[in-house]
Amino acid sequence: MTELSSRYDPHTVEHKWYQHWRQGRYFEPSQAPGKKSFTIVMPPPNVTGVLHVGHALNTTWQDILIRFHRMLGDNTLWLPGTDHAGIHTQMKVDEMLRSQGYDRREMGREQFVQQVWQWKEKYGGEILRQIERLGASVDWSRLRFTMDPGLSEAVTEVFVRLYEEGLLYRGYYITNWCVSCLTALSDIEVDHIDEPGTLTYIRYPLADGAGEITVATTRAETMLGDTAVAVHPDDERWKAYVGKMVRLPLVNRLIPVVADDYVDPQYGTGAVKVTPAHDPNDFAIGDRHHLERLKVIGEDGRMTEAAGAYQGLDRYQARKQVLEDLNALGLVVKVENITHSVGHCEKCGTAIEPLLSLQWFVRIAPLAEPAIEAVRSGAIEFVPPRFEKIYMNWMNNIRDWCVSRQIWWGHRIPAYYCDVCDNIVVSRVPPEHCPRCGGTMHQDDDVLDTWFSSALWPFSTLGWPRQTEDLATFYPTSVLSTAYDIIFFWVSRMIMQGIHFTGQVPFRTVLMHGLVRDEQGRKMSKSLGNGVDPMDVIDKYGADALRIALVLSSAPGNDQRYSAERVEAGSHFANKIYNATRFVLMNLSNRPMAAKDTPSNHLADRWIRYRLNMATRDITSYLENFEFGQAARVIYDFLWDDFCDWYIELAKVRLKSSSERERAIVLRTLVDVEQDALKLLHPFMPFVTEELWHALPHQGDSIMVTRWPREQFVDFNDDDQKQFQALQDLIRGIRNLRAELTLPPSKRADVTIWVDDQVRVDQLQTVQEEIRELGRLSHMTILSRTDDAISKPPHAISQVVSGATIYMPLEGLVDIDKENSRLSKLLETTRAELDRVRRQLADPNFCQRAPQAVVDKARMSEQDLEIRLARLQERLEDLA
RNA sequence: GGGCGGAUAGCUCAGCGGUAGAGCACCUGCCUUACAAGCAGGGGGUCACAGGUUCGAACCCUGUUUCGCCCA
C-alpha cells in the first residue's frame, strides 16, 4: 500500500477482510482449554426485516464486546439468528399473494405456510447479509432460526411441560382483538394512543317505571350487549336501585342493577353499564355476578346476530346508528367531548376491539417470582441500573400472558381436541386417538406468540432440551444487548423461561442501548419516511465510519441522534490513521528497524509509550464497564492528538537527521505503538485496523486473534511529564507568536528563549531540534535566566509560558500598541487565575480538608502563576 | 395519576465532586513531501432556574420550569 493514493478507500478493503476472517474461522469459539467462556446470543431480527440504524448500533456494541473478549483470550461465541415474526411475516406474504391475485383462505393453510417458507428462503437472508457488511464477527456455523427443527422442539417441550405443571390454561377471556389481523394480541402488543372521542350519557329506565339510571359510555354500540348496570354498594344515591331490573333501550331486555366495589362512585353518574363480552373490567364484574356474556361484535368488527337489528353493521356504523336511535327516543342526556386512550394494534394500527374469545394463557405469577429474585439478588444486572426499576415495576404487576394467535405462520399449538368427547390432550407427539373415548382428534388451529419462542432463544439456540456440549460450555450467556423498549416483550420472558427450564439465569448482564433517532430527534419510522438505511451509509463511507460514529455518540440507555456529520468525521478518522500508516511505511522502506522492545531514552519515545499505556488502561476499563463511547473517544484522541499531531511530528526530526541507530529506534517505536493502538481500535473499526495491521510489519494472520494490549512498565516519571509539558508549551508558544505575525510555515523565524532554571535548559537542549522543527525556526537560542551574560533582544514580541519567556525578534519595529494589548490581556487572565488560586489557598478549610494532592497542585499552580505574572509585568514595562 | 430520562459553545452531544470538552460550524494563516477527508493559531459557555450539602458543585440533595419516553 506504500504506493497507494493518499485517500483511504474502505470499499476495496472491507469485503476482502470479512472473507479472510470467515475462511480463517476466527468467528468460531477458540475452545481453548481452561479459558472462560464469553457468550452473546444476538437478539434475532425479523427474518423478513432489513437492518435499521438501531440494529447497526446494537450489532456494533455486541461486536465490540465480542472482539474485545476474543482478544482477551476468552472462549468467545456470538451466536446469530433470526426470528420468524409470526404476524408480521404472514401479513407481508399475504399482501404479496393478494397482489398476485391469490387468496390465502382459498389456498388453504398448508399451501400458504409453504409459500411463506419459500418466501423466507428467498428473501429472508437479506438482514444477515447486512449484519455481515457491518463486520459482525458472528459464528455463522451456529446460525439459528426460531422455526428450525431443534428450536421448534424446544417450543413444544416448553408448552407441554408448562401444561403438565399447570402453568398453561385455556379459557374464555377478554382479549385484545385486532379485527384487521384477525388475531388475539397480548397486552403489550397494544399501543395506547390518546384520541378525541365522545362520552355519551344514556338513560336506562327502570323496569317498574319508578325512575331511571343514567350511564356513560364511549362505545355506545356495546350497550346492545349490556347484561347489567353496576353501582358501588355504598353509594347512597343508588342503594335503592340495587336488585331492581332495568329495561335496556333498543333491545328491551331486562337486566339487573348489581352492586360492585369496582365502580367508582366519584366518576360520571356513579353507575356503569356492564358488557361482560366486550370489556375486561365488565368481564370481571360479570364473573362476580354470574352475568351472561353476550357477544354483539364479531371477530371481523361487525355486529353479530345478538345485536338484533344492527347485525352486519360495522362497529362504527353501529355506534352512529345506536346513537341516532337513542336520540330519537330521547334517551341521550348529553354528549361530552373527551380525550381518551384507545388501544391500537402494534402491527397494523387498527383500533383494538376487546373481545371475548377462547385462548391459551401462561399463568405468569409463579414464573415471575424467581425472575424478580434473580434481578433483586444481582444474579442479573441491568446496565444502566435504572432499568432494573422499570423491569421490577412491570414484573410486580404482571398479568397472565395470552400466547395463542389466530394465524398460520408460527409454531402450531401442540394441543389436540377430541372430535367426540370434550377431551384435550397436550402432547409432544400427535395422539392417534382420544385416550378417553378412542375418537379421532384434531390439532389446535392456532399458533404461538412469536415471543413464546423468542423467550427460549438463549438456550434453545444452544441445543436445549438436549444437554449439548454447547449448552454446557456457553450457557448461561454473558451479556444480552438490546434496546430498552423490549424489556417487557423479551427480556423479562427470557429471564422467566430461562430460570424455569434451565435452573439458571439466561444471561448475567442486560445491556441497554437507546433509540437512534433522526437528525431532528424524531423517532425513525416508515410512515414518516425518515429512516436512515445503514447500507446506504456503508456504501458511502464504509462500515468502520458508521460504527465509530454510532459508538462515539452513544451512552448506555440513552437515545441518540443519527448524524451524517459524525459518520463523515468517522471516515476522516479512518483516512487519518491510514495516512499515518503510509508515513510509517514510507520511512520503513529500505531502512532498518530496531529489534522489538529495544529501549529508548528519548523523551518523545518514552512519552508516547506512556500515553499508550494510559490509553490501554482507560480503554480496557471502559470496555469492561460497557462505556463504549468513552473507550472510543480515548483511542480516537490518542491516535489523532498524541500519535499523529505530536509523536509523528517529533519523530520526523530524528528520522531525518540522526544516526541510523536512532532512526531504527524511532521506527521501532512508531511501529510498536501503532500496532498496539490498532489493536485497541480494532473492536470499533475492524476493517481499517486489519488492513493497516497487515501493511505494517506483523506476525500472524489477523489482528482479530492477536492478544489485547496490556499495560507495561514505562520509565516516565513526574519530572518527565513536566519536561514534555514544557516542550509542548514552548512549541505552542512559538506557534502562537508566529500566528500573531501571520508568518507562513515556509518562513522560518528566530527565537530566544529564557528559561527559568538551568536544569531545564539542559533538558531542552536535548530536544532543541524538535522545537526548531515544530516551531518552524531557523535559529533558536536557549538561555538560562540565571546567566548574567544575557540581554533582552531589542525588538521582539514575546510570549510567557510556564517556566520560560519566548522572544521573537523582529526586523522592523514592533507594533507596540498591539503587543501591549495582547500581553495585557494575557496578564489579566493570568492575574484572575492567580487570584482564584490564592483565595483558595488562603482558606484554612481548604488546606485542611482537601486531599493533599489537590492542595499541592494548587500550590504549584500558585508559584507558576506568580512567576508568569512577574514576567508579563516585566515585558510590559520593557515596552513602555 | 405513577415512574424514568434530557435541559452544557451557533448546532449535535460527551463529561457527572477539584480551574469547562469534542465533532461540526465560525475567524486568521498555510498545498510545511503521511493526510486540504489535512496542518497551525484563534473566538465563543453566570453548564435551565431557585435553594441546600461541601473547603470546593455542571456534577450530590430538594424544589421549580420545560421537553420527551414508559406505565395506569
Side-chain angles (χ1 to χ4, degrees), chain A residues 2 4-9 187-188 191-192 341 384 386-390 392-394 397 484-485 487-488 514-515 517 519-523 541 545 548-549 552-555 557-587 627 629-630 632-633 636-637 640-641 644-645 648-649 651-652 655-656 670 731-748 773-776 829 832-837 839-851 853-855 857-858 861 865:
Chain A
T2 326
L4 286 186
S5 82
S6 61
R7 288 187 173 201
Y8 172 65
D9 176 17
D187 293 338
I188 49 181
D191 288 334
H192 292 273
S341 173
R386 66 184 141 91
F387 287 101
E388 195 177 296
K389 260 188 249 170
I390 293 170
M392 286 298 187
N393 187 44
W394 159 256
N397 297 298
Y484 59 71
D485 57 353
I487 292 179
F488 310 139
L515 268 45
R517 298 167 173 280
E519 305 216 34
Q520 278 95 54
R522 298 171 305 181
K523 219 166 163 172
Y541 297 105
I548 196 78
L552 274 170
S553 44
S554 70
N558 287 2
D559 288 359
Q560 63 184 287
R561 294 185 193 204
Y562 170 79
S563 156
E565 257 173 19
R566 264 183 200 271
V567 180
E568 210 179 329
S571 73
H572 292 179
F573 179 55
N575 188 56
K576 183 75 182 173
I577 56 176
Y578 166 83
N579 274 294
T581 310
R582 227 161 51 95
F583 170 80
V584 174
L585 293 174
M586 284 166 75
N587 283 284
E627 297 276 4
Q630 300 272 66
R633 209 158 289 119
Y636 185 96
D637 290 344
W640 203 308
D641 299 342
C644 291
D645 287 350
I648 286 184
E649 293 307 319
K652 281 177 181 173
L655 285 173
K656 267 182 210 161
L670 280 165
I731 291 168
R732 288 200 182 106
I734 293 165
R735 285 170 170 172
N736 183 274
L737 286 178
R738 296 181 58 97
E740 279 304 319
L741 299 170
T742 58
L743 288 182
S746 51
K747 191 153 186 189
R748 295 271 168 169
E773 272 312 305
L774 270 62
R776 313 289 302 168
T829 56
E833 236 175 293
L834 180 60
D835 283 351
R836 200 186 314 129
V837 176
R839 235 176 297 134
Q840 202 171 32
L841 285 167
D843 183 351
N845 276 320
F846 172 75
C847 298
Q848 274 168 22
R849 302 197 190 188
V854 175
V855 179
K857 207 176 146 196
S861 171
L865 288 164

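Quick caveat: nothing in here was measured; it's all calculated off a predicted structure.
- Residue order along RNA chain B, read from the 5' end via each residue's closest nucleotide, puts Ser554(A) first among Ser554(A) and Asn587(A).
- Side-chain contact between Leu670(A) and Leu655(A) is present, with at least one heavy-atom pair separated by less than 4.5 Å.
- Legend: residues meeting side chain to side chain donor-acceptor pair (under 3.5 Å) with Ser553(A), ordered by chain and number and at least two apart, are Gln560(A).
- Residue Cys847(A) is out of contact with every strand shown, counting any heavy-atom pair closer than 4.0 Å.
- Picking from G41(B), A34(B), U28(B) the nucleotide with the shortest atom distance to the side chain of Ala739(A) gives G41(B).
- Out of U19(B), C71(B), A34(B), the shortest distance to the side chain of Asn393(A) is found at C71(B).
- Taking only side-chain atoms of Phe846(A), from C-beta outward, the nucleotide of G29(B), A37(B), G18(B) with the closest atom is G18(B).
- Within the 4.0 Å cut-off from OP1 or OP2 of A34(B), at least one side-chain nitrogen or oxygen of Lys652(A) is found.
- Comparing U19(B), A37(B), C39(B) against the side chain of Arg7(A) picks out A37(B) as the nearest.
- Judged purely by distance below 3.5 Å, without hydrogens or angles, the side chains of Tyr484(A) and Asp559(A) pair a donor atom with an acceptor atom.
- Contact annotation for Tyr8(A): base contact, defined as any heavy-atom pair under 4.0 Å involving a base atom.
- Closest approach to the Arg732(A) side chain among C13(B), C39(B), G41(B) is made by G41(B) (side chain taken as heavy atoms from C-beta onward).
- The residue Pro844(A) sits apart from the nucleic acid: no heavy atom pair falls under 4.0 Å.
- The side chain of Val854(A) approaches G18(B) more closely than any other nucleotide in the set A34(B), G41(B), G18(B).
- Of the two residues near RNA chain B, Ala580(A) and Glu568(A), the one whose nearest nucleotide lies more 5' is Ala580(A).
- For Arg776(A), the listed nucleotide lying nearest its side chain is U32(B); candidates were C35(B), U32(B), A14(B).
- Remark: Asn736(A) engages Gln799(A) in a side chain to side chain donor-acceptor pair (under 3.5 Å) (not counting sequence neighbours).
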Pull out every protein N or O sitting under 3.5 Å from an N or O of nucleotides 21-24 of chain B, one pair per line with the distance.
from, atom 1, to, atom 2, distance (Å)
C24(B), O2', Glu565(A), OE1, 3.4
C24(B), O2', Glu565(A), OE2, 2.6

Q. Based on Watson-Crick and G-U pairs with both distances under 3.5 Å, what dot-bracket line describes RNA chain B 5' to 3', crossing pairs as [ ] and inter-strand pairs as |?
A. ((((((((.[[[[.)..(..]]]].(((((.......))))).....[[[[[..)....]]]]]))))))).
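- Listed nucleotides G41(B), G15(B), U12(B) differ in distance to Arg735(A); the shortest reach to its side chain belongs to G41(B).
- The interatomic distance linking Trp640(A) (CH2) with A40(B) (P) rounds to 10 Å, in whole Å.
- Between Tyr8(A) and Tyr578(A), the ring planes lie tilted relative to each other; the angle falls in the 30° to 60° range.
- Side-chain to base pairing of Glu649(A) with A34(B): one donor and one acceptor N or O lie within less than 3.5 Å of each other.
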Polar atom pairs (N or O), protein with nucleotides 42-48 of chain B, under 3.5 Å:
from, atom 1, to, atom 2, distance (Å)
G42(B), OP1, Asn736(A), ND2, 3.0

Short heteroatom pairs, N/O only, protein and nucleotides 4-8 of chain B, under 3.5 Å:
from, atom 1, to, atom 2, distance (Å)
C4(B), OP1, Lys389(A), NZ, 3.3

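- The side chain of Asn575(A) approaches C35(B) more closely than any other nucleotide in the set U19(B), C35(B), U12(B).
- Here the nucleotide nearest the side chain of Arg836(A), chosen from U19(B), C35(B), G18(B), is U19(B).
- No cation-pi contact links Lys576(A) to Tyr636(A), judged by a cut-off of 6.0 Å to the six-membered ring centre and 45° from its axis.
- Among the atoms of the strands shown, only primed sugar atoms or phosphate atoms (P, OP1, OP2) are found under 4.0 Å from some heavy atom of Asp645(A).
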